[in-house]
Amino acid sequence: PFRVEHPAGGYKKLFETVEELSSPVTAHVTGRIPTWLRGSLLRCGPGLFEVGSEPYYHLFDGQALLHKFDFKEGHVTYHRRFLRTDSYVRGMTEKRIVITEFGTYAYPDPCKNIFSRFFSYFKGVEVTDNALVNIYPVGEDYYACTETNFITRINPDTLETIKQVDLCKYVSVNGATAHPHIENDGTVYNIGNCFGKNFSLAYNIIRIPPLQADKEDPMNKSEVVVQFPCSDRFKPSYVHSFGLTPNYLVFVETPVKINLLKFLSSWSLWGANYMDCFESNETMGVWLHVAEKKKGRLLNLKYRTSAFNLFHHINTYEDNGFLIVDLCTWKGFEFVYNYLYLANLRGNWDEVKRHAEKAPQPEARRYVLPLSIDKADTGKNLVTLTTATATLRSDETIWLEPEVIFSGPRHAFEFPQINYGKYGGKPYTYTYGLGLNHFVPDRLCKLNVKTKETWVWQEPDSYPSEPIFVSHPDALEEDDGVVLSIVISPGVGPKPAFLLILNAKDMSEVARAEVEVMIPVTFHGCFKRA
């Protein structure tokens with residue numbers, strides 16, 4: 001399946017500006033929408049790739065666009081609206097880029113005189129609130145988020161922006177990931193870096209409790225559960241997601257570091273953005289940390305392995321004294337985001353391929369972490385369950401080697417999803433992912449993590465998004481349900497995009513709902529049942 005080429009370059013359409021809709025449009029359905037599928041697929045991603053004549057440069061810079069596919073009695077509608085963030089509203093008002101985004105510096109206001117410009121140098125950084133990465137529920141509310149301290153409350157029915165929320169006002173973190181864990185009772189866990197004891201850096205796990213009978217906003221009751229230490233007191237690692245089981249929290253500390261001196265210095269003096277503040281530690285490899293969830297206590301075990309980038313945990317579970325940690329890794333310490341500039345992603349196919357040749361190689365891996373060790377076992381491998389190993393060394397570190405669960409040259413299994421409601425944090429068998437071919441999303445893949453069997457959905461010149469699993473209401477098995485993905489097929493006729501519904505058992509098509517508008521790239525989202 002690894003031989004698909006994209007010489008027509010249709011993937012470039014994923015990175016083109018579109019207009020929002022004033023009201024939902026009806027989608028044209030082929031096949032039959034399951035009658036039990038009722039609710040909304042909510043997703044977000046960038047939808048505006050320039051403001052006036054000023055372009056955004058990085059995949060994570062474009063202004064946040066919310067998308068919704070509604071399913072009701074076998075009918076489908078599609079709606080989308082731009083989030084009214086500060087970044088968007090001020091940009092629209094001034095017709096230029098006003099807030100610095102991930103990879104695009106916002107130049108000072110050209111209309112100000114030299115004195116007011118000079119003073120604005122000392123304001124520090126105005127942190128972006130451009131929530132283009134994910135959407136998740138807290139209590140009865142829905143939030144769009146990026147990775148800063150700002151999240152944006154939205155109305156999931158109309159896609160209207162309700163208000164900006166500053167996490168710093170509630171809990172001691174400098175930001176939080178776009179991948180919180182949400183337990184079945186509605187409890188939300190997340191991680192963000194913070195200033196720990198004596199000015200050194202650390203990472204806080206925060207917990208937001210479920211909605212109580214008093215109907216008070218759960219955000220007001222958020223708290224820090226545990227603090228993970230940092231490998232370098234001045235340089236926190238970039239953290240994108242973490243692992244959670246009923247009893248443990250797993251934090252993987254990678255060698256992609258944030259240089260705080262650069263981050264806190266006045267960017268406007270040297271025209272910097274967020275990307276300029278990353279650097280790689282070429283010697284540390286990867287450190288894994290485990291804490292007890294209920295007691296908030298760190299396990300004093302020092303897990304180490306060789307360098308990789310990590311964005312997405314697939315799943316984590318406990319197995320007789322071990323933790324099984326499944327990850328989508330990219331080998332090496334160079335930051336993968338260096339390869340996600342729009343100029344590269346919009347290149348012709350040969351350029352895209354040439355560019356990806358130099359990038360870290362993707363691999364889905366299983367690490368097995370022993371939860372207790374005995375000094376008598378120094379020098380020995382402590383894992384018997386699988387081909388993954390964990391070797392206790394004389395300096396009391398535990399060296400890990402993974403079991404590979406998916407590997408294909410420059411073909412990533414990424415944006416992993418599982419039957420999260422029933423199997424998140426528990427032993428499981430299946431994960432669904434987006435296949436990236438030299439960073440171009442061109443297939444959907446189901447993976448059996450035990451046998452490594454795969455099922456693939458793929459069509460020529462079609463570019464899908466992260467697959468979202470929706471369980472059948474009366475499901476008996478883990479993969480009873482459907483998989484939803486937004487696909488663009490720009491070469492073909494008047495309907496350039498569709499919502500694809502696959503049978504999760506074998507990834508065969510159940511139905512598709514076509515729309516007459518282009519839909520740009522989306523990153524993450526969720527299904528909200530009606």
Side-chain angles (χ1 to χ4, degrees), residues 102 124-125 127 147-149 167-168 170-177 179 189-207 222-243 248-267 269-270 272-293 295-311 313 325 327 329 332-338 369 393-400:
F102 193 73
V125 181
V127 173
E147 300 183 317
T148 66
N149 54 298
L167 292 169
C168 295
Y170 297 95
V171 71
S172 163
V173 284
N174 301 331
T177 76
H179 293 287
Y189 285 85
N190 208 339
I191 186 169
N193 24 51
C194 64
F195 293 102
K197 300 175 196 55
N198 59 35
F199 276 118
S200 57
L201 266 294
Y203 311 87
N204 277 344
I205 294 272
I206 58 176
R207 179 201 286 130
S222 39
E223 57 181 3
V224 173
V225 187
V226 64
Q227 188 165 94
F228 287 110
C230 186
S231 61
D232 175 334
R233 56 178 291 192
F234 296 119
K235 291 177 183 172
S237 291
Y238 174 68
V239 50
H240 191 94
S241 64
F242 64 103
Y248 296 96
L249 292 151
V250 178
F251 165 50
V252 180
E253 191 174 19
T254 71
V256 175
K257 292 290 186 179
I258 300 163
N259 182 327
L260 267 185
L261 295 172
K262 282 189 184 171
F263 194 86
L264 298 173
S265 67
S266 191
W267 291 3
L269 282 172
W270 53 292
N273 56 52
Y274 297 79
M275 272 297 285
D276 295 319
C277 298
F278 290 102
E279 57 189 47
S280 294
N281 179 318
E282 303 188 357
T283 56
M284 71 172 275
V286 167
W287 298 18
L288 293 87
H289 308 265
V290 176
E292 292 178 13
K293 187 181 91 174
K295 297 197 185 94
R297 200 183 68 188
L298 292 171
L299 295 196
N300 185 25
L301 294 171
K302 300 183 170 69
Y303 305 99
R304 303 287 183 266
T305 189
S306 46
F308 58 75
N309 283 223
L310 168 66
F311 306 103
H313 280 250
V325 180
L327 309 172
T329 67
F333 49 71
E334 194 200 357
F335 197 20
V336 170
Y337 288 4
N338 292 342
L369 283 54
R393 301 195 287 191
S394 50
D395 62 359
E396 292 189 28
T397 59
I398 302 165
W399 183 262
L400 305 174

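Taken from CD1 in Ile205 to CG in Leu249, the straight-line distance is 4.5 Å, to the nearest 0.5 Å. To the nearest 0.5 angstrom, Ile398 atom CD1 is 7.5 Å from Leu369 atom CG. Between Ile206 atom CD1 and Cys194 atom SG the span is 10.5 Å, to the nearest 0.5 Å. Taken to the nearest 0.5 Å, the CZ atom of Phe242 stands 8.5 Å off from the NE2 atom of His313.
Classification of the Phe228-His289 ring pair by plane angle, with boundaries at 30° and 60°, yields tilted.
Across Tyr189, Trp287, Tyr203, a single residue satisfies ring-ring contact (aromatic ring centres under 6.0 Å, His included) together with Phe251, and that is Tyr203. A ring-ring contact (aromatic ring centres under 6.0 Å, His included) with Tyr337 is found for exactly one of Phe311, Tyr274, Phe278, namely Phe311.
Side chains of Ser231 and Asn281 form no contact here, defined as non-hydrogen atoms less than 4.5 Å apart. Contact check for Lys262 versus Trp270: side-chain heavy atoms found under the 4.5 Å cut-off. In this structure, Val171 and Glu223 have side chains that are not in contact, with every pair of non-hydrogen atoms separated by 4.5 Å or more. A heavy-atom distance below 4.5 Å is not found between the side chains of Tyr238 and Lys257. The shortest distance between side-chain heavy atoms of Val286 and Pro255 falls below 4.5 Å.
The neighbour count for Asp395 CG, taken as heavy atoms of other residues, nucleotides or ligands under 6.0 Å away, is above 12.
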Practice prompt. Determine, stepwise, if the pair Ile258 / Leu201 fulfils side chain to side chain contact (heavy atoms under 4.5 Å, CB included).
Written response: CA-CA 11 Å; Ile258 300 163; Leu201 266 294; over 6 Å; no
Discussion item. With side chain to side chain donor-acceptor pair (under 3.5 Å) as the criterion, how do Asn309 and Thr254 come out once you've worked through the C-alpha distance, each side chain's angles and the decisive distance to 0.1 Å?
Written reply: CA-CA 6 Å; Asn309 283 223; Thr254 71; over 6 Å; no
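Listed by first then second residue, pairs satisfying salt bridge (Lys or Arg N to Asp or Glu O under 4.0 Å) with a partner in residues 228-239 read Lys235-Glu279, not counting sequence neighbours.
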